[in-house]
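To start, the structure under review is shown below, and the notes come after it.
The figures that follow rest on heavy atoms only: side chains count, while hydrogens, waters and symmetry mates do not. Since this is a predicted model, take the numbers as computed values, not measurements.
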Amino acid sequence: VSTIRATASTAALAVSVAICVGARATADDLNVWAVDPHVKVFRDTGPQIAVDKVSMRAARNEYEPAQIAIRAAEDLKGVRVECTALAHADGQTSIGTERITWNFVGFIPLTKNTPHSEHLRLRDAPCEVPDPLVDVKSVDVPANSSQPVWITVHVPKDAVPGLYRGEIVVATDNGRATV
């Protein structure tokens with residue numbers, strides 16, 4: 001469940017976004033979990049300890065990121081992501097799906113490290129580094145391999161303060177999981 005809390009102040013509207021996951025979402029061995037957007041999810045990154053929530057803060061007309069990861073013990077075919085609108089607690093307003101974008105994160109093969117970069121390295125080469133956001137709407141994920149997904153919410157200029165909720169659904173030819 002995605003949650004957005006907006007609060008009004010005299011200077012500007014601050015919007016606090018929290019993606020809440022009481023536990024990893026699983027469906028028939030499909031694991032989906034929230035990941036801090038500052039963390040790189042490599043193909044061998046396994047499901048992390050369940051997180052109570054990931055908190056994001058944004059002002060009106062600001063973009064705010066979130067990240068989830070997908071993994072299963074078997075090959076996943078036709079992995080897709082669907083996001084619902086974020087409905088305000090008042091039941092009358094929402095942040096529409098046109099303001100929510102998502103991309104699979106691609107991987108760049110790294111054959112050698114930059115000399116004298118030991119203190120900056122995420123991994124020693126050879127490896128594949130997660131970085132580009134790819135413009136495809138479906139991917140296959142090999143067994144025991146993690147696939148990160150980058151989600152961006154654009155908070156409207158006229159966002160109504162309050163709590164918003166929605167869902168992120170990961171669908172595959174093998175099943176579905178909801179966060």
Side-chain angles (χ1 to χ4, degrees), residues 1-27 30-42 45 47-71 76 78-107 129-139 141 146-172 176-179:
V1 175
S2 297
T3 305
I4 295 183
R5 181 182 304 280
T7 55
S9 69
T10 55
L13 176 75
V15 179
S16 166
V17 181
I19 296 178
C20 302
V21 288
R24 293 188 310 266
T26 60
L30 171 62
N31 289 297
V32 180
W33 69 98
V35 181
D36 184 309
H38 297 100
V39 173
K40 296 278 191 188
V41 177
F42 290 86
T45 301
Q48 305 300 302
I49 297 171
V51 182
D52 288 328
K53 66 180 176 179
V54 175
S55 193
M56 300 178 284
R57 294 193 177 274
R60 286 179 170 167
N61 201 34
E62 192 169 50
Y63 293 83
E64 193 62 30
Q67 183 176 212
I68 62 171
I70 303 163
R71 186 180 182 91
L76 297 174
V79 177
R80 304 164 305 284
V81 176
E82 304 161 6
C83 298
T84 67
L86 301 174
H88 191 281
D90 68 10
Q92 299 188 18
T93 57
S94 65
I95 296 176
T97 57
E98 73 280 0
R99 297 202 173 259
I100 304 168
T101 58
W102 63 268
N103 297 84
F104 290 109
V105 177
F107 292 84
V129 179
D131 190 61
L133 301 180
V134 295
D135 193 22
V136 298
K137 293 303 173 192
S138 176
V139 298
V141 180
S146 295
Q147 175 61 59
V149 179
W150 192 260
I151 301 158
T152 305
V153 176
H154 179 211
V155 180
K157 292 179 188 178
D158 59 351
V160 175
L163 185 65
Y164 292 75
R165 293 187 185 274
E167 293 181 336
I168 300 167
V169 178
V170 175
T172 77
R176 301 167 66 88
T178 302
V179 178

Practice item. Drop me the distance from I100's CD1 to I95's CD1, to the nearest 0.5 angstrom. Key: 7.5 Å
Review point. Of the non-hydrogen atoms in Q67 and P37, which two are nearest, and what is the gap between them?
Key: NE2-CA, 3.7 Å
Check your understanding: What's the spacing between R71 CZ and N31 CG if we round to 0.5 Å?
Key -> 8.5 Å
Review point. Between atom CD of E62 and atom NE2 of H154, what is the distance when rounded to the nearest 0.5 Å?
Key: 9.0 Å
Point to revise | Option passing side chain to side chain contact (heavy atoms under 4.5 Å, CB included) with I68 (candidates I151, V41, V35) | key: I151
Point to revise | Beyond-backbone contact of D131 with K40, side-chain heavy atoms, under 4.5 angstrom | key: yes
Check your understanding: Pick from V153, V155, T152: which one makes a side chain to side chain contact (heavy atoms under 4.5 Å, CB included) with Y63?
Key -> T152
Point to revise | Side chain to side chain, V79 and V170, heavy atoms closer than 4.5 Å | key: yes
Check your understanding: Do you know which two heavy atoms are closest between Y164 and L86, and how far apart they sit?
Key -> CD2-O, 3.2 Å
**Study point:** Any donor-acceptor pair under 3.5 Å from S146 side chain to T45 backbone
**Key:** yes
Study note, to complete from the structure: The salt bridge (charged side-chain N to carboxylate O under 4.0 Å, His left out) partners of K137 (sequence neighbours excluded) come to none
Exercise for review: Could you tell me which non-hydrogen atom of S94 sits nearest to which non-hydrogen atom of A87, and how far apart they are?
Suggested key: CB-CA, 4.0 Å
Practice item. Answer yes or no: is there a side-chain heavy-atom contact under 4.5 Å between F107 and P148? Key: yes
**Study point:** A177 versus V32, closest heavy-atom pair with distance
**Key:** CB-CG2, 3.8 Å
Check your understanding: For G162 and H88, which heavy atoms make the closest approach, and how far apart are they?
Key -> CA-NE2, 3.4 Å
Practice item. Indicate yes or no for a side-chain donor-acceptor contact from N103 to the backbone of D135 under 3.5 Å, with no hydrogens or angles considered. Key: no
Exercise for review: Measure the CD1-CH2 distance between I70 and W33 for me, rounded to the nearest 0.5 Å.
Suggested key: 8.5 Å
Exercise for review: Report the distance from atom OG of S138 to atom CG of L76, rounding to the nearest 0.5 Å.
Suggested key: 10.5 Å
Study note, to complete from the structure: Nearest heavy-atom contact between Q147 and V139 is CG-CG2, 4.3 Å
